[in-house]
Amino acid sequence: MSGVRVRFSPAPTGELHVGSARTALFNWLYARHHGGVFALRIEDTDRERSRTEWVEQIPGILQWLGLDIDEGPVLQSERFDEYRAAADGLVERGFAYECFCTPGELEAKHESAKKAGRTPGYDGTCRDLTEEERAAKAAEGRPRSIRFRTPDDGSSSFVDAIRGEVAVEWSTISDFVIVRSDGNPIFFLANAVDDLAMDITHVIRGEDLLDSTHRVLALRRALSERDEPIYAHLPLILAPDRSKLSKRHGAVALEDFRDAGYLPEAILNYLSLLGWGDDEGREVMTADEIVAAFDLDGVTHAAAAFDHKKLDWVNGEWMRRLTLDDVEVRALPYAQARYGAGIDRGVFKEALRIGQERAVTLVSLVEQMDFLFLADEKFTVDEDSWEKLAATERAGEVLDAVATHLADCEWTLEAVDLRPVLEPLGVKPRKALPAVYTAVEGRHAGLPLFDSIHLLGRDRSLARVHAARQRLGGEDTRWPCPSG
RNA sequence: GCCCCCAUCGUCCAGCGGCCUAGGACGCCGCCCUUUCAAGGCGGUAACGGGGAUUCGAAUUCCCCUGGGGGCACCA
């Protein structure tokens, strides 16, 4: 035990965003690298936005990613008494005070501050009320919240493990609410209290929380004299266009990637590459390898853009690394969701065998099997592919020859090889075969043709070729009579 | 508006005063391989945002500008 204790503390307000997942990952990597503890804490102090369904989903999706949790989850919603007691103590000792301003008044203060070119914030109206004034305001039935008193001058600073010293003038930070008028605590308070209670030694989180650190630290100092944790603020993950990564950029939640057929190993691997780099330049790495190589001094400072293309490459690398049995286990749920539970497992495994090395995701791998597992009446031919077929030189003759051959050849993989069939026609396999792919598989690019035909069976294969021949029309040759 | 953080190829990551005519990876382009598409092999394209300063010497240090991001809530 190194004494390192880190926590991942998401707010349960939706599915886990990749940015949050990356934060969780870096915390986990740090804990594992240093032999420390990785705890999960749910920051659900906002009862309006937090939902229990999200709370319940978080451990599961972290487990899917491969991050095992040592402690927790600690639910802040179950610790309101602690926060309330801490707040009361702060009021007693003069670090915080009761505020009776109404939402309308506060909004007006913000507006006027903005107009005056100052940082919008609290103006200190209730800072130094006498006991009588407080009683009077309370008697009016005004809302009562608790605010933390920030210093009027001087500056706040702390040493960030990634960025070095970060300082800011206190004059830019106004008194902030730590307990809502409904009695519920605010993030800053719960955060400070719990990091103390949980003996957190390193706070690794997104850069979006950098500015709030001054407030949390001020609170912590008012609550305890114990050593402060080391803070490390991770660069943010941006969308490909460097804007905020949101749903309009496609998949953003871990669940989205899982549903899209990405492997957890690949997601973990790719996420580790955003904001960190291996000293030896390795890119495709196992979780164990990353754990061994990871440390905070290797974390970059600049925000990184999410690159779906590179993720696809990493996922492809991982797809090829899996054993066939493993691919089967992982792809089966996707196949059953698409084709029903009754698919032929033998055919499925053969299709996986020929498809594994060319698939980007589990979903794309399964989709290549539509021609095998979709009911015949649902089989469709891709329009672009059909145009290519129609434009293929001597397409009719090729299809005729193929049909003739498949009609009475031996049904082995060797015998359904169509290259010898094409030879007498004098057409190149490269030129002519895509048309046959289209006829049989519904698209000009797909699983290897001869294996596919072999798996599909004689009747279905012939039916596909015949259908294509018919649709192609034009001057018929001698089909269906045997040729040459 | 104010405050904070950041700044090397399109993207991710190397580089931490001379080894840089700036390296690797993804992408992209070309060639090879090839039953399609991939995969694989080989080659190529492409960057230190601008201006000062320090220094014999700056991608590397400092300052300014510009640009990008974040924050300024009874959200976290």
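Just so it is clear: chains get the letters A, B, ... in the order the sequence lines come, proteins before strands, and each one is counted from 1.
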- Going 5' to 3' along nucleotides 31-47 of chain B, which nucleotides have protein heavy atoms under 4.0 Å from the base (write B), which only from the sugar-phosphate (write S), and which from neither (write -)? ---BBBBBSS-------
- Item | Sequence-aligned protein contact record of nucleotides 59-64 of chain B, with B where the base is within under 4.0 Å of a protein heavy atom and S where only the sugar-phosphate is | ------
Using 4.0 Å as the upper bound for N to carboxylate O, is an ion pair formed by [Y] and [X]?
{"X": "A/Arg163", "Y": "A/Glu207", "value": "yes"}
{"X": "A/Asp208", "Y": "A/Lys244", "value": "no"}
{"X": "A/Glu283", "Y": "A/Lys310", "value": "yes"}
{"X": "A/Glu350", "Y": "A/Arg353", "value": "yes"}
{"X": "A/Asp182", "Y": "A/Arg180", "value": "no"}

Who does [N] pair with, Watson-Crick or G-U, both distances under 3.5 Å?
{"N": "B/C16", "value": "none"}
{"N": "B/U61", "value": "B/A53"}
{"N": "B/C33", "value": "none"}
{"N": "B/C26", "value": "B/G10"}
{"N": "B/C2", "value": "B/G71"}

- Counterpart residues, ring-ring contact (aromatic ring centres under 6.0 Å, His included), relative to A/Tyr30 (two or more places apart):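 Listed in chain order: A/His34, A/His202.
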- Task: For RNA chain B, determine which residues of residues 239-249 of chain A have any heavy atom closer than 4.0 angstrom to one of its atoms, and list them numerically.
- Result: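 The answer is A/Arg242, A/Lys244.
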- Task: Identify, residue by residue, the members of residues 186-197 of chain A with a heavy atom below 4.0 Å from RNA chain B, and return them in order of residue number, or none.
- Result: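 Within this stretch, A/Ile186, A/Phe187, A/Phe188 sit under 4.0 Å of the strand.
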Can you see whether [X] engages [Y] through a side-chain donor-acceptor pair at a distance of less than 3.5 angstrom?
{"X": "A/Asp307", "Y": "A/Tyr270", "answer": "no"}
{"X": "A/Ser174", "Y": "A/Arg147", "answer": "no"}
{"X": "A/Asn315", "Y": "A/Thr361", "answer": "no"}

What does [X] touch in the nucleic acid at a heavy-atom separation under 4.0 angstrom: a base, only the sugar-phosphate, or nothing?
{"X": "A/Pro143", "answer": "base"}
{"X": "A/Leu418", "answer": "nothing"}
{"X": "A/Glu43", "answer": "sugar-phosphate"}
{"X": "A/Gly14", "answer": "nothing"}
{"X": "A/Thr438", "answer": "nothing"}
{"X": "A/Gly275", "answer": "sugar-phosphate"}
{"X": "A/Arg49", "answer": "base"}
{"X": "A/Ile178", "answer": "nothing"}
{"X": "A/Ala432", "answer": "nothing"}

- Item | Cation-aromatic face contact A/Arg464/A/Phe379, 6.0 Å, 45 degrees |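 Yes, A/Arg464 sits over the ring of A/Phe379.
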- Item | Chi angles and distances behind the side-chain contact (heavy atoms from CB on, under 4.5 Å) call for A/Trp54, A/Leu16 | CA-CA 9 Å; A/Trp54 303 131; A/Leu16 203 63; over 6 Å; no
Rounded interatomic separation in angstrom, taking [atom1] from [X] and [atom2] from [N]:
{"X": "A/His301", "N": "B/C13", "atom1": "NE2", "atom2": "P", "answer": "11 Å"}
{"X": "A/Leu236", "N": "B/G69", "atom1": "CG", "atom2": "C1'", "answer": "7 Å"}
{"X": "A/Tyr270", "N": "B/A25", "atom1": "OH", "atom2": "P", "answer": "17 Å"}
{"X": "A/His308", "N": "B/U11", "atom1": "NE2", "atom2": "P", "answer": "15 Å"}
{"X": "A/Arg147", "N": "B/C72", "atom1": "CZ", "atom2": "P", "answer": "14 Å"}
{"X": "A/Leu210", "N": "B/C5", "atom1": "CG", "atom2": "P", "answer": "7 Å"}
{"X": "A/Arg205", "N": "B/G71", "atom1": "CZ", "atom2": "P", "answer": "12 Å"}
{"X": "A/Trp276", "N": "B/G24", "atom1": "CH2", "atom2": "P", "answer": "20 Å"}

- Query: Under 6.0 Å between the ring centres of A/Phe188 and A/Phe176?
  - Reply: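 Yes: the rings meet the under 6.0 Å criterion.
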- Please figure out whether A/Leu238 or A/Leu311 has its closest RNA chain B nucleotide nearer the 5' end.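 It is A/Leu311 whose nearest nucleotide is closer to the 5' end.
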- Query: Mapping A/Asp211 and A/Cys99 to their closest nucleotides on RNA chain B, which lands nearer the 5' end?
  - Reply: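 Looking at the nearest nucleotide for each, A/Asp211 comes out on the 5' side.
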- Under 4.0 angstrom between A/Thr300 side-chain N/O and B/C13 OP1 or OP2: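 Result: yes.
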- Hey, does the side chain of A/Arg180 come within less than 4.0 Å of B/C75's phosphate (OP1/OP2), counting only N and O?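 Looking at the OP1 and OP2 atoms of B/C75, one of them is under 4.0 Å from a side-chain N or O of A/Arg180.
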- Item | With sequence neighbours excluded, residues passing salt bridge (Lys or Arg N to Asp or Glu O under 4.0 Å) with A/Arg49 |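 Salt bridge (Lys or Arg N to Asp or Glu O under 4.0 Å) check on A/Arg49 returns A/Asp46.
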- Message: More than 12 heavy atoms of other residues, nucleotides or ligands under 6.0 Å from CD of A/Glu48: yes or no?
- Response: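 Counting other residues, nucleotides and ligands, CD of A/Glu48 stays at 12 neighbours or fewer.
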- Between the side chain of A/Arg394 and the main-chain N/O of A/Val427, is any donor-acceptor distance below 3.5 Å?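 Looks like no, no N/O pair under 3.5 Å.
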- Within the modelled atom types, does a donor on one side and an acceptor on the other bring the side chain of A/Thr172 and the base of B/C2 under 3.5 Å apart?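 Result: no qualifying N/O pair found.
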- Task: Could you point out which residue of A/Thr45, A/Leu189, A/Val193, A/Asn184 forms a side chain to side chain contact (heavy atoms under 4.5 Å, CB included) with A/Gln76?
- Result: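 Result for side chain to side chain contact (heavy atoms under 4.5 Å, CB included) with A/Gln76: A/Thr45.
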